Enquirer: 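Below is the structure I would like to discuss, written out as structure tokens.
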Amino acid sequence: MRKSLPTRVTLSAVTKSFRKDEQSILIEDLTIEPGELLTLVGPSGCGKTTTMRMIAGLEEPSSGDILFGGRRINDVPVQNRNVAMVFQNYALYPHLRVTDNLQYGLKKRGVPAKQRQEKVEWVSKLLHIESLLERKPRQISGGEQQRVALGRAIIRDPDVLLLDEPLSNLDAKLRMIMRAELVKLQRQIGCTTVFVTHDQLEAMTMSDRIVVIEKGRVQQIGAPAEIYNAPNSVFVATFMGSPPMNLLKGDIVISGSELTFSCTGMRIRVPLVGPTPPGADNGPVTLGVRPEHITFDAEEGDFPADVVLVEFVGAEKFVFLQTQVGQMIARVNVNFPVAPNDRLNCTLDRSKLNFFAEESGARLALAV
Ligand code: ATP
């Protein structure tokens, strides 16, 4: 059904400042590839929605260029950008039936009735809402309203689809179902899509690539696995992943193809599998380890820990540990026998460790 080829969107040195005394938003260089599902994620107020609104044409950048397929569109008004948006509150017209909500935009553009009907058929089939077409929004559930809002957006064959927290109003179960459906739908229509969320799990599960933003600055752009496995800063390491990455402050000494990390209560040797990068020096660092990379089967282990709390989360358990190194959280299989007050020997998976510069929090490119 899609007629046009997907569009590449580029933001080049784009800034936005609302007030002089507040930190501005700066997107130095971001290209959203044709047909890609790219997610902007970050804490509240970091600038996700503003960035998306600038792409839409609802907000004017203070400086910089926004391009659709190589064409600068800064001065193109929103109605001429061929973008479609879905918001957290679906903003359906309450007095119109689903079918009229779906084709509202087409009608306003003067698309003939027969074509509108064909498009309604296509989109309602795609979103499984064929049986709801005669109902008013108040007569359908939140999840169904969400589908109608999506349908109304994609029926116009937009060049760019912008989704601002579209799943936030749904309950947890429906959210999970809709996450998968949205990704499937996006693949089917192949439209370049920007998704805004503050939910790291949503970003991780749905995106081709993720842009992590903090305080108006892009912290990292990458595929979900890249961001999870090799976060480029302490902020990304702790924002992405739940429970978050454990952080330990200590010192490293690099000697040949090995480094030694030491802090109060722990001293571990880590083999280096690649050349030591320039600038990687002996001195204070923050070591990061994901909860699933702490194991307990070694006789001696790297350090002992007292179990403070065990949280049951279905197939897994989160084990809260008190160690000399600090508080840590481990993730274990539900069958692993562990209870509060147990004493365990912890071992860190050497190949999964992350090291960050102590002051800046930036990742050190040490190949472990
Ligand atoms: P949230 O997840 O809470 O929606 P966000 O990451 O989408 O947050 P934005 O809505 O883009 O954040 O806001 C970024 C910053 O710009 C915030 O500090 C906000 O207060 C400010 N801001 C946004 N819109 C305006 C406006 N119209 N006037 C003044 N300041 C604004």
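What you see is a predicted model, and the numbers here were worked out from it, not measured in a lab. Computed over heavy atoms, backbone and side chain alike; hydrogens, waters and symmetry mates excluded. For ligands, and for the atoms within them, numbers begin at 1 and follow the listed sequence.
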Enquirer: Does the pair Lys107/Asp100 count as a salt bridge with the N-to-O cut at 4.0 Å?
Expert: no

Enquirer: Give the residue, atom name and distance (to 0.1 Å) of the protein heavy atom nearest atom 3 (O) of ligand 1.
Expert: Ser44 OG, 2.5 Å

Enquirer: Which residue and atom name correspond to the protein heavy atom nearest atom 11 (O) of ligand 1, and how close is it?
Expert: Thr50 OG1, 2.5 Å

Enquirer: With nothing but distance in play, are any N or O atoms of Gly47 less than 3.5 Å from an N or O of ligand 1?
Expert: yes

Enquirer: What is the closest protein heavy atom to atom 27 (N) of ligand 1, and at what distance does it sit?
Expert: Phe18 CE2, 3.6 Å

Enquirer: Side chains of Thr260 and Arg269: any donor to acceptor distance under 3.5 Å?
Expert: no

Enquirer: In terms of side-chain heavy atoms, does Thr264 have a donor or acceptor partner in Gln324 at a distance below 3.5 Å?
Expert: no

Enquirer: Any heavy atom of Lys16 closer to ligand 1 than 4.0 angstrom?
Expert: no

Enquirer: For atom 2 (O) of ligand 1, what's the nearest protein heavy atom and its distance?
Expert: Lys48 NZ, 2.9 Å

Enquirer: Determine whether the side chains of Ser207 and Thr39 contain a donor N or O and an acceptor N or O closer than 3.5 Å.
Expert: yes

Enquirer: Determine whether the side chains of Thr347 and Thr295 contain a donor N or O and an acceptor N or O closer than 3.5 Å.
Expert: no

Enquirer: Give me the residue, atom name and distance of the protein heavy atom closest to atom 4 (O) of ligand 1.
Expert: Thr49 OG1, 3.8 Å

Enquirer: Between Arg19 and ligand 1, find which residue part has any heavy-atom pair under 4.0 Å and reply side chain, backbone, both or neither.
Expert: side chain

Enquirer: Looking at atom 16 (O) of ligand 1, tell me if a protein heavy atom falls under 4.0 Å from it.
Expert: yes

Enquirer: Taking atom types as modelled, find out whether Arg290 and Asn246 have a side-chain donor-acceptor pair closer than 3.5 angstrom.
Expert: no

Enquirer: Go through the side-chain N and O atoms of Asp349 and Ser351 and say whether any donor and acceptor fall under 3.5 Å apart.
Expert: yes

Enquirer: For atom 18 (O) of ligand 1, what's the nearest protein heavy-atom neighbour? Residue, atom name and distance, please.
Expert: Gly45 O, 3.9 Å

